[in-house]
Amino acid sequence: MTPVIQIADIANYDGQTVTIRGWLYNSTHKGKLIFLQIRDGTGIVQCVLFQREAPPEIFEAALNLTQESSLTVTGLARADERAPGIPGKFEIGVKDLHVIQLAEPYPIQPKEHGIEFLMDHRHLWVRSSRQWAILRVRATIIKTIRDWLDAHGYLLVDTPIISPAAGEETTTLFGIDYFGAQAYLAQTGQLYNEANIAAFGKVYCFGPTFRAEKSKTRRHLSEFWMCEPEMAFFTLEDLMAMEEAFISYIIQTTLQERREELEMIGRDVTRLQNVTPPFPRISYDDALDLLKQRREETDDPEQKALLEMTWGTDFGSPHETAIAESFDKPVFVYHYPSAAKAFYMTPVEGRPEVCRSVDLLAPEGYGEITGGSERIFDVELLEQRVAEIGLPREAYAWYLDLRRFGGVPHAGFGLGLERMVAWVCGLSHIREAVPYPRTLTRLYP
RNA sequence: UCCUCAGUAGCUCAAUAGGCAGAGCAACCGGCUGUUAACCGGUGGGUUCUAGGUUCAAGUCCUAGCUGAGGAGCCA
């Protein structure tokens with residue numbers, strides 16, 4: 001019996017006869033010589049057949065293989081500088097080949113395709129090497145997020161996906177029928193996190209969230225994954241210190257562990273390499289001055305109009321990009337206007353028109369990747385805020401309770417996973433950062 | 001929701017000023033012993049998004065709609 005190996009491990013089997021199981025990624029033949037590129041999920045290896053050496057029925061079978069046919073191949077693993085693949089530099093001299101299923105003509109060719117066509121075939125597209133690499137980077141980012149939090153005393157506490165009340169406004173919620181009652185798909189786990197910190201101190205939730213925003217941009221999905229840490233006794237300053245250590249670890253560890261994949265994607269990682277603490281911090285007011293300066297510098301009238309901004313509103317994406325471009329690292333922007341932010345954010349003492357909130361803006365136009373704040377823990381102030389924006393008090397009764405039974409200062413934030421993946425991989429659109437994207441116009445496959 | 005652009009072969013695209021609907025790739029057949037999205041020769045492949053209109057004549061012009069892309073707003 002020859003060992004069944006993974007292509008990723010082929011270097012350990014130089015000179016040995018091995019079996020691989022997988023799919024035909026591409027093939028080419030030159031008369032009496034056939035090259036098969038076979039993938040098995042861990043990598044791609046070139047398999048070679050010479051007509052003179054191979055049994056006729058094996059050679060014939062190899063010649064008739066179609067792209068993405070499934071098969072097993074047994075042969076001699078050997079080093080060869082010319083062999084392409086992942087990891088490459090090794091190939092298999094085929095001795096035996098068994099076709100499991102001869103694939104029908106495969107729609108995705110190794111060439112350019114339009115995005116609509118590719119998205120219609122997303123269930124097949126995930127096999128392509130670029131998509132394969134991106135999704136492997138995604139898995140590593142998820143792992144590094146959890147590793148760092150678990151190692152620093154944060155407890156994973158899951159929050160519900162079906163929820164009775166809105167975190168924010170109901171226009172951006174997906175409503176569902178819950179045995180006759182109105183329920184919503186969660187757009188945040190934060191309120192539950194705030195309950196959980198009183199039990200566990202530092203917690204996080206990590207899962208899919210849902211927003212019914214009619215957003216049609218390169219930065220939005222209807223279903224996206226969010227990691228939300230929440231910490232008792234944390235101030236805004238603690239939050240920024242924690243975030244910069246956390247984000248830096250995610251970036252640096254992923255660069256290390258997925259070097260090959262990032263190279264395949266063609267990512268220039270020089271801008272990622274200097275993502276290390278400390279990150280620059282500027283206030284909303286200073287950011288506004290910076291934008292004003294930027295607007296004066298540019299000669300492009302269109303850009304001038306886009307950068308127009310008045311105090312009190314949140315940044316649009318041209319603003320975020322302009323601010324982030326002024327720094328060579330991610331930048332914290334803190335003390336946003338209270339009116340532009342969520343009801344539970346703590347007002348700054350002596351200046352209640354701004355709140356103790358902070359967003360982290362990524363460079364290269366990737367925009368806001370985290371958003372967080374100190375939460376209001378004074379029950380009277382929170383009740384007042386709930387009333388002010390007209391939220392149903394009953395739905396928030398349990399949330400208000402948290403301030404009656406040992407309320408403490410606390411803070412937390414949300415990290416958008418797909419934006420993180422898009423940033424690390426240098427993607428032009430967030431839809432490639434998730435296996436099966438849900439967007440305004442796509443629910444299939 | 002608004003602005004801009006697009007929809008032609010399985011895929012990516014072309015088609016002069018309104019005048020016979022084409023190429024490359026893929027598929028199929030043949031050739032080639034080191035290919036890297038191979039190369040060379042051959043074959044088949046069309047409801048030009050839909051509905052109406054103008055015209056001797058519409059892929060091309062007009063009207064309405066559908067679908068998609070890019071951007072804005074909103075947000076992670």
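In this text the structure is predicted, and so the values were computed from the model without any measurement. Letters go in sequence order (proteins before strands), and every chain restarts at 1.
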Can you find a side chain N or O atom of [X] that sits less than 4.0 Å from OP1 or OP2 on [N]?
X: N26(A); N: U35(B); answer: no
X: T28(A); N: C32(B); answer: no
X: R219(A); N: G73(B); answer: no
X: K30(A); N: G34(B); answer: yes

Where the side chain of [X] is concerned, which of [options] is the nearest nucleotide?
X: R82(A); options: U33(B), G10(B), U36(B); value: U36(B)
X: I430(A); options: G34(B), A76(B), A72(B); value: A76(B)
X: D80(A); options: G70(B), G34(B), C75(B); value: G34(B)
X: I115(A); options: A72(B), C74(B), A69(B); value: A69(B)
X: H29(A); options: G68(B), G31(B), G34(B); value: G31(B)
X: R211(A); options: A26(B), U33(B), C75(B); value: C75(B)

Distance between [atom1] atoms of [N] and [M] (Å, rounded):
N: U60(B); M: G52(B); atom1: P; answer: 14 Å
N: A9(B); M: U47(B); atom1: C1'; answer: 13 Å
N: G10(B); M: G46(B); atom1: P; answer: 8 Å
N: C11(B); M: A72(B); atom1: C1'; answer: 32 Å
N: G44(B); M: C3(B); atom1: P; answer: 48 Å
N: C75(B); M: G22(B); atom1: C1'; answer: 46 Å

Sugar-phosphate, base or nothing in reach of [X], heavy atoms under 4.0 Å:
X: P84(A); answer: base
X: R442(A); answer: nothing
X: E116(A); answer: sugar-phosphate
X: E320(A); answer: base
X: L417(A); answer: nothing
X: F117(A); answer: sugar-phosphate
X: T217(A); answer: base
X: H429(A); answer: sugar-phosphate
X: H113(A); answer: sugar-phosphate

Any strand is fair game: report the nucleotide pairing with [N] by Watson-Crick or G-U wobble, both distances under 3.5 Å, or none.
N: G24(B); result: C11(B)
N: U54(B); result: none
N: C39(B); result: G31(B)
N: C75(B); result: none
N: U67(B); result: A6(B)

Check: Under 3.5 Å, is there a donor-acceptor pair linking the side chains of Q252(A) and T276(A)?
Finding: no

L427(A) backbone acceptor or donor facing Y366(A) side chain under 3.5 Å: yes

*Using modelled atom types only, decide if a donor and an acceptor are shared between the side chain of S283(A) and the backbone of D286(A) within a distance under 3.5 Å.*
yes

If you measure from the Lys or Arg side-chain nitrogens to the Asp or Glu carboxylate oxygens, is any gap between [X] and [Y] under 4.0 Å?
X: E432(A); Y: R138(A); value: no
X: E244(A); Y: R281(A); value: yes
X: E374(A); Y: R356(A); value: yes

Take atom [atom1] of [X] and atom [atom2] of [N], then tell me their distance rounded to the nearest Å.
X: F210(A); N: A76(B); atom1: CZ; atom2: P; value: 16 Å
X: I142(A); N: A76(B); atom1: CD1; atom2: P; value: 20 Å
X: Q37(A); N: A37(B); atom1: CD; atom2: P; value: 7 Å
X: R431(A); N: G68(B); atom1: CZ; atom2: P; value: 12 Å
X: E68(A); N: A27(B); atom1: CD; atom2: P; value: 13 Å
X: E112(A); N: G10(B); atom1: CD; atom2: C1'; value: 17 Å
X: D314(A); N: C74(B); atom1: CG; atom2: P; value: 7 Å

Applying ring-ring contact (aromatic ring centres under 6.0 Å, His included) to Y184(A) and F210(A), what does each step give before you reach the verdict? CA-CA 9 Å; Y184(A) 303 95; F210(A) 308 87; over 10 Å; no

Determine whether any donor atom in the side chain of [X] lies under 3.5 Å from an acceptor atom in the base of [N], or the reverse, and answer yes or no.
X: Q51(A); N: U33(B); answer: no
X: S215(A); N: C74(B); answer: yes
X: E91(A); N: G34(B); answer: yes

Classify the ring geometry between Y154(A) and W148(A) as parallel (under 30°), tilted (30 to 60°) or perpendicular (over 60°). tilted

* Over 12 foreign heavy atoms within 6.0 Å of CD, E104(A) -> no

By nearest-nucleotide position on RNA chain B, the 5'-leaning member of G114(A) and Q46(A) is G114(A)

Taking for P107(A) and for V48(A) the nucleotide of RNA chain B with the nearest heavy atom, the one nearer the 5' end belongs to P107(A)

Has F224(A) got its ring stacked on A76(B), by the test of a centre gap below 5.5 Å and a plane angle below 30°?
yes

